[in-house]
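So that the names make sense, note that chain A is the first sequence line, chain B the second, and so on, each numbered from 1.
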Amino acid sequence: MNALSGISITCFSASYAIVLVLELSRLWFRSGVRGMLLLAFAALGLFTHTVYLVNEAARSTASAPLSSWRDWYIVAAWVLAAVYVYLAAAHPRQSLGVFLLPLVIALIVTAHFLADRTPFPQSDALRVWATVHGMALLLGTVVVSLGFAAGVMYLVQDRRLRLKRPLSGRFRLPSLEWLDRINGRALVVSALLLSVGVLSGVVLNTLNHRRDTNIAFPWTDPVVWTSGLLLLWLVAVSIFGAVYKPARVGRKVAYLTLGSFAFLIMVLAVLLFAPSGHGGKPGSNHGGGRGADSSAEGIRR
Amino acid sequence: MKLQMVGCSHHTASVEVRERLAFSPQQAADALQRWQQLFPHAEAVLLSTCNRTELYTAASESPPSHHEVAEFLASFHNIPLPEVFDELFEQSGEGAVRHLFGVAASLDSMVVGEGQIVAQVKQAYDLACSRRSTGPITHDAFQAALRVAKRVGTETTIHHRRVSVASVAVADFARQIFERFDNKEVLVIGAGETAEETLRYLVDEGAKRLTVVNRSLDRATDLARRWSATARPWSDLSALMTAADLVVSATGATEAIFALDDFRRIEAQRFQRTLCVLDLAMPRDFDPAIGECIGVYLYSIDDLRETCEANRRARQREWPAAEKIIDEEASRFVSEMRHRASAPTIQRLRATCDELKSVELQRLLNKLNDADVRDREEIVMAFDRLVNKILHLPMTTLRDDAEQPHHTGLIDALKRLFQLRD
């Protein structure tokens, strides 16, 4: 148990990095044991990742899960890693990790940069809404990332098929039909999840406003309006797909998932570099000093 | 090692000779029966495919000569031996083992790495077993050959890449576009051999909604009946193209049957749905410009042939690895066989010496009435040591000889010197 309590971010990051290197090595040589090694390291990474999250939850004094941006990113990375482990086991001959693992590692690295952010304080009355808000946005991020990976894979596979390049024994990708399905579903599911996330944020702020009329809705918070833009994009894309049949298939869907990811990157960049009431830096004038989650606490006039 | 093989293959014989010497399964069964009547002490397995006819024979002592086997093959088909003799080839001992392993592992096939041959070798062996024409040598050789084929399949990628145009079209291209085929509308244009071969691969992949269209509706109906497909008249081509997900075109038309303008007319109704066109005709049935349209993946026979060639080259690259396995396995097999062949002689030599030792020992002990128990035990042990020391060197030399690829005749010499009989 002592050994498990010492697990750090480095442990699972290193495991995922090894898996990524193994996935990339498919491009150069064949190996009979790589598949097993790859799954073993991926499972080890996911296990240590899980233990880390459990240890963090036990140590945390926060009142709710996902109570800081750091937690939020590490949980998002965990969900994406779990999806990868499932896909790697179900499709062992395909190089899915080349596209998914960089996203997992990027989320962990982002979490590392957000370590100094203060947690979101939440009162007991708002805990449920805060959890719904956090979970929905987290899963939305995961699904958009997954859609992005599938979109890139689609474009690579599409290019390979158009150039009539022979099927590579080393670097295999899923069929266009499978990737197309994942892309389409990622768009719709991420739109739904983001809608739930934004709506629960509105409910949180309404409850806060009722409790304290000095708390206003944080319209000007960059994280809020960029998230709103991402939601608008996803809803527009979903409506476009519903009314314009050709937009449901092929490269268009792949480009739309890339667009969604670009919006997501914008939200994450704003979170990292712009002043925001969503769990700001310590000592910041934008709510961070209070460590306020603007969705939960709002911004005081 | 008394295994030998006489036969012909695509390397040595023309297709006409191969056809004349080929055996149907019933003929093979009859031939094995006749073999047993002619050579009751010899084992036989007959392998006959479209590319080879090979008769593997074996006997523990004095097997039929190559000429007798060749005569047997020719006379079964009522062919005068001189007409085919030059196109036959033979292998004996280790060469025959190596050849059999290479055949089973598909290294000797016309299309290296094709998967059918191992099943054909197994069928030939099963048939010989059922006709009781096999024996210890052919059992061991054929079981080892099947094991070697499996090892080559597992440890190399020689079987992995497809080399026929139809299989490449389906597995390397259509399979990369569609995840499943059971819910896809498959349109086959033409009713010739290529169309049918591609249909076979598609059905293997799970295609169910199959439509055949051909200028001659009768031929389309005939092909459709064989593959549980629907036959439609040529006039429906545009409508069928609108509904299709996958098109296989292999007509004998002298010019394109589907121009870009024809596709433009149906494009709007397709809503840019993915369309995979496998144009296996020469000259091409589809205007290449159609391949530039949104959602269309068009492959001509040249594109596919290029992949076939690349796959063939990839298989050739696996050849040394496969050959190394065959060398390794053949050497091990031959060594085991030689050990097995020398073991009875060694056992008989030891038994003869033990028998002599016992007789002389008994005579000596009868004369030494005064000797106590301890002295008697010493004498027995001394006799045992003497026999062991005398036999040690000859037995080591015999075992070493068995390891060598070429026998020096020591076993035979030993049999004659000590008059060891089987």
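Most heavy-atom pairs under 4.5 Å with chain A, from the set B:Ile294, B:Val296, B:Thr154: that is B:Val296. For chain A, the option among B:Lys184, B:Glu155, B:Arg175, B:Arg273 with the highest count of heavy-atom pairs below 4.5 Å is B:Lys184.
The two residues B:Arg265 and B:Gln269 have their closest heavy-atom pair at O-NE2, 3.5 Å.
By the 30° and 60° cut-offs, the orientation of the rings of B:Phe258 relative to B:Phe263 is perpendicular.
When each of A:Leu46, A:Leu44, A:Ile108 is tested with A:Phe12 by the rule side chain to side chain contact (heavy atoms under 4.5 Å, CB included), just one qualifies, namely A:Ile108.
Relative to the ring axis of A:Tyr154, A:Arg251 does not place its NZ or CZ within 45° and under 6.0 Å from the centre.
Looking at B:Arg180, the atoms closer than 4.5 Å to chain A (heavy atoms on both sides) sit in the backbone and in the side chain alike. Heavy atoms of B:Leu304 lying under 4.5 Å from chain A are absent altogether.
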